[in-house]
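The chains referred to below are lettered A, B, ... by the order of the sequence lines, with proteins before strands, and numbering in each begins at 1.
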4 protein chains.
Amino acid sequence: MTSSSSERVHRVVVDKRQVILDAATRVFAGKGYHGSRVSDIALEAGIAYGLVYHYFKNKEEILNSIFDAQWAVFLETVQEIALSPEVTERKLLAIAELILKAHRVRSDWVKVLVFEIQRSQRFAEPDRLRAVSELFKLVGQIVREGQELRVLRDDIDPDLACAVFMGGLDIMVTNSVLPETVKPSASSDEGLRYQEVAQAVVEIFLGGMSSGEASCR
Amino acid sequence: MTSSSSERVHRVVVDKRQVILDAATRVFAGKGYHGSRVSDIALEAGIAYGLVYHYFKNKEEILNSIFDAQWAVFLETVQEIALSPEVTERKLLAIAELILKAHRVRSDWVKVLVFEIQRSQRFAEPDRLRAVSELFKLVGQIVREGQELRVLRDDIDPDLACAVFMGGLDIMVTNSVLPETVKPSASSDEGLRYQEVAQAVVEIFLGGMSSGEASCR
Amino acid sequence: MTSSSSERVHRVVVDKRQVILDAATRVFAGKGYHGSRVSDIALEAGIAYGLVYHYFKNKEEILNSIFDAQWAVFLETVQEIALSPEVTERKLLAIAELILKAHRVRSDWVKVLVFEIQRSQRFAEPDRLRAVSELFKLVGQIVREGQELRVLRDDIDPDLACAVFMGGLDIMVTNSVLPETVKPSASSDEGLRYQEVAQAVVEIFLGGMSSGEASCR
Amino acid sequence: MTSSSSERVHRVVVDKRQVILDAATRVFAGKGYHGSRVSDIALEAGIAYGLVYHYFKNKEEILNSIFDAQWAVFLETVQEIALSPEVTERKLLAIAELILKAHRVRSDWVKVLVFEIQRSQRFAEPDRLRAVSELFKLVGQIVREGQELRVLRDDIDPDLACAVFMGGLDIMVTNSVLPETVKPSASSDEGLRYQEVAQAVVEIFLGGMSSGEASCR
DNA sequence: AATGAATGAGTGTTCATTCAT
DNA sequence: TATGAATGAACACTCATTCAT
């Protein structure tokens, strides 16, 4: 087969746009959006300064692109989980694992997503707001479904419960003062594996922290 | 008491430093640290902007001062709660109410604290890190105590549980996609009162969301 | 005639150089030299912008080429007029009509010529200077000739008179605050025909604006 | 009298805004608006770079200010002439002298005015357009008045005549290919004095270039 | 001839900080 | 204390020009 050197060349000449996006993700994650200069991104990407502007209108658009590129995929996965025929508990566990795994595998991206976009002025933009509320809607749906199935108590507002659940996960990703022993990590060498953390978060959310003795309503 | 007229004058001429701090808090809350110019702060404070530098070394120090000025008080309150002779549940409720009330009453300050300090590069500074970890230590202590008292299950890492609890609260303050009905607010006119939210968060944390039927371990 | 097919092809594939020149003329006329990007020109010409540099050394050269390409033809026509056996009055009229007609027919070119070349730093270049002074020399010659023939008064410097004449025409082309009724235009629907304007300019130049009554020297 | 050193000091500390404006006028006149960097202006003004932006929003505003600052004065003088009880001829002469004198005395300003503002994209702005048309309106009025007084022939559109007159003056200021002998200059050492040029322009405009012999209509 | 990706010098503008008064 | 003029480093963005294909 003459799958040709030309083809291989094209395989080697990776998509510059993506190269820039990856570099920017790393740079933003490291120094924050405001702390990052466009020249830092170019340097990290190993390209000429001006080329960045060949692919992106401006610095802001790079950030937005980072968000857009991955959020859709992420959200789709969440939707699959929400619509799957699994039990509520398994769905929540899947969500938890998805989020914590993302943090492990693409921690740069998550950092940028959470710190530079979700927690910034930028977040006020309707587009972003809608995107994130989409996530909460899907998880909220899982909770509501659980309540309808009588698996979850229904004396608590489902949106509020959803928020608490997400907050528990969010902080695992966000918080830098968590003791190492509790940080979700790839190997159990350093702290818990992300599955264990996910498991724990779901367990607290569903079963509560009360010891069995007294508080079983 | 000999509180001289000169002293009284000083009492009338409100503390400029504080005026600046308050103005800065409002400005930072509104436009973010990076989006705020020193001149914006001066304008908001109603003073010449050169004067800012009589009271603060630089912009950064203003932000730090905002943090320092209030965090100590906040932490002290948390400590009082932690050391009080109350039951674990009441302690957690008190913490939850404290945080959510702060958000109601001084939402600007909380915004700055959370968005501009805790979620920024700045947070990497050991001083801030230590300050915040202090909070987690105190709450973690409450959890540990609960476990020792056999009120809380001890098959879950106390730090992890603590984080989940704090995350549930944190998101109430942070998240802008929460439906209005769930946002903790001052009056019950719009959404729940902050006490109700606090109550709910604690209840989920302790009792879990599972309906009584099956999952009472 | 052996106009080969290859030649015909070349005839169909219009001269790219000229296409670029025409596009540039339109673009420069619309946005000014500094306001026009090379990519704008390429876009207007419908070609890739790298190609512009196959035909021209740089942006500047495009402007110069626009000038060079047409100025020679223009100047030649002026020369023909100057050397023709006509009376001074008819010569001046012919010049006036030539200029105003050019403005009507190729207003883009005239705009570029006048605004971007004659009235710009670029004009300082000896080449351009010489080219334009050529025009003035020719018209000045007509005036001088008129004076020698005793058709024109000779108590006024011929160069100065020439300048006044040219200024009167120049402003018709240049001035954007002229009332519509006076602007030289193609049809008499809107304002005067360019011939009428030419006629009027010449008449003022020769006969003066004074009413016959008193001032006939 | 205690007209005080403080007062004198204020007299010495000249208006920085004006210093910048003057410097900018010189720089713009020399290198053109586009060829001038803000740093050039600062350098020429002998001030720090950033200070320019303390007094002007941006480079563009500097140019506009140059125009605004002097145009009003200029226009007022023209108006005085137009409204004076003088004969038409003297009014036109006064206008001619005003313009040519301005060119002599403040040639930088005139250069900037004519080259960078009147003959640029910028000129399209309604404000500038209106300002210049004001000038033409006033001169046009003089012509109209002359026609009503039967001093000027009325078989020619007054606006057109006005334009021709102004064009004759304009070119004296604009044209760089005029022989030195004709350029209006301060002393008669080099070319004509500006009064002589003004005189000549008016004479041509009123009396025409035709020799008395034949063409006295 | 043709394309458009790649380069990087150039420059307008912002704004924290200092300073003279 | 108070003012706001003065400073200048920093940086985003533009765009003419070159180059690999």
Side-chain angles (χ1 to χ4, degrees), chain A residues 6 9-10 13 15-17 20 34-43 45-62, chain B residues 10 13 16-17 33-43 45-62, chain C residues 10 13 15-17 20 33-43 45-62, chain D residues 6 9-10 13 15-17 19-20 34-42 45-62:
Chain A
S6 113
V9 163
H10 273 294
V13 174
D15 182 15
K16 276 285 167 63
R17 208 188 132 90
I20 295 171
H34 281 107
S36 306
R37 287 168 297 173
V38 173
S39 64
D40 292 331
I41 299 173
L43 194 69
I47 59 167
Y49 188 96
L51 194 55
V52 172
Y53 288 89
H54 195 75
Y55 291 96
F56 300 92
K57 221 184 81 224
N58 53 31
K59 197 178 160 189
E60 178 83 27
E61 207 197 65
I62 301 176
Chain B
H10 273 296
V13 175
K16 277 283 168 63
R17 207 187 133 90
Y33 177 80
H34 280 107
S36 306
R37 286 167 297 176
V38 173
S39 65
D40 290 331
I41 298 172
L43 191 70
I47 60 168
Y49 73 88
L51 194 52
V52 171
Y53 287 87
H54 265 273
Y55 293 95
F56 300 92
K57 216 184 83 221
N58 53 31
K59 196 178 161 190
E60 178 82 26
E61 204 197 68
I62 300 175
Chain C
H10 273 297
V13 176
D15 184 11
K16 276 285 168 61
R17 208 187 132 90
I20 294 171
Y33 178 80
H34 280 107
S36 307
R37 287 167 297 177
V38 173
S39 65
D40 290 331
I41 298 172
L43 192 69
I47 59 167
Y49 74 89
L51 194 53
V52 172
Y53 287 87
H54 264 274
Y55 293 96
F56 301 92
K57 216 185 83 220
N58 54 31
K59 195 179 163 188
E60 179 81 26
E61 205 197 65
I62 299 176
Chain D
S6 112
V9 163
H10 273 293
V13 175
D15 183 13
K16 275 287 167 61
R17 207 188 132 91
V19 169
I20 295 172
H34 282 107
S36 308
R37 287 167 297 173
V38 174
S39 64
D40 291 332
I41 298 172
I47 59 167
Y49 191 98
L51 194 55
V52 172
Y53 287 88
H54 196 74
Y55 291 96
F56 300 92
K57 221 184 80 222
N58 53 31
K59 196 179 162 189
E60 177 83 28
E61 206 198 66
I62 300 176

Strand DNA chain E in bracket notation, Watson-Crick/G-U under 3.5 Å with | for pairs to another chain: .||||||||||||||||||||
Distance, rounded to the nearest Å, where D:F56 contributes CZ and E:dT14 contributes C1': 18 Å
Contacts of A:V52 that satisfy side-chain contact (heavy atoms from CB on, under 4.5 Å) - sequence neighbours left out: A:V38, A:A42, A:I47, A:I62
Sugar-phosphate, base or nothing in reach of A:Y55, heavy atoms under 4.0 Å: sugar-phosphate
Distance (rounded to the nearest 0.5 Å) between C:I20 CD1 and C:Y53 OH: 11.0 Å
Between C1' of E:dT7 and CG of A:L43, the distance in whole Å: 15 Å
Separation between OH of B:Y49 and CG of B:L51, rounded to the nearest 0.5 Å: 12.5 Å
Contact list for residues 45-59 of chain B, test salt bridge (charged side-chain N to carboxylate O under 4.0 Å, His left out), sequence neighbours left out: none
From B:K16 atom NZ to B:H54 atom NE2, the distance as rounded to the nearest 0.5 Å: 11.0 Å
Where protein sits on nucleotides 7-14 of chain F, one letter per nucleotide: B base, S sugar-phosphate only, - none, heavy atoms under 4.0 Å: BB--SBBB
Sequence-distant partners of B:R17, salt bridge (charged side-chain N to carboxylate O under 4.0 Å, His left out), two or more places apart: none
Nearest-Å distance for atom pair CG/C1', residues D:D40 and E:dG10: 12 Å
Whole-Å gap separating C1' (F:dC15) and CD1 (C:I41): 12 Å
C:E61 versus C:Y55, closest heavy-atom pair with distance: OE1-O, 4.0 Å
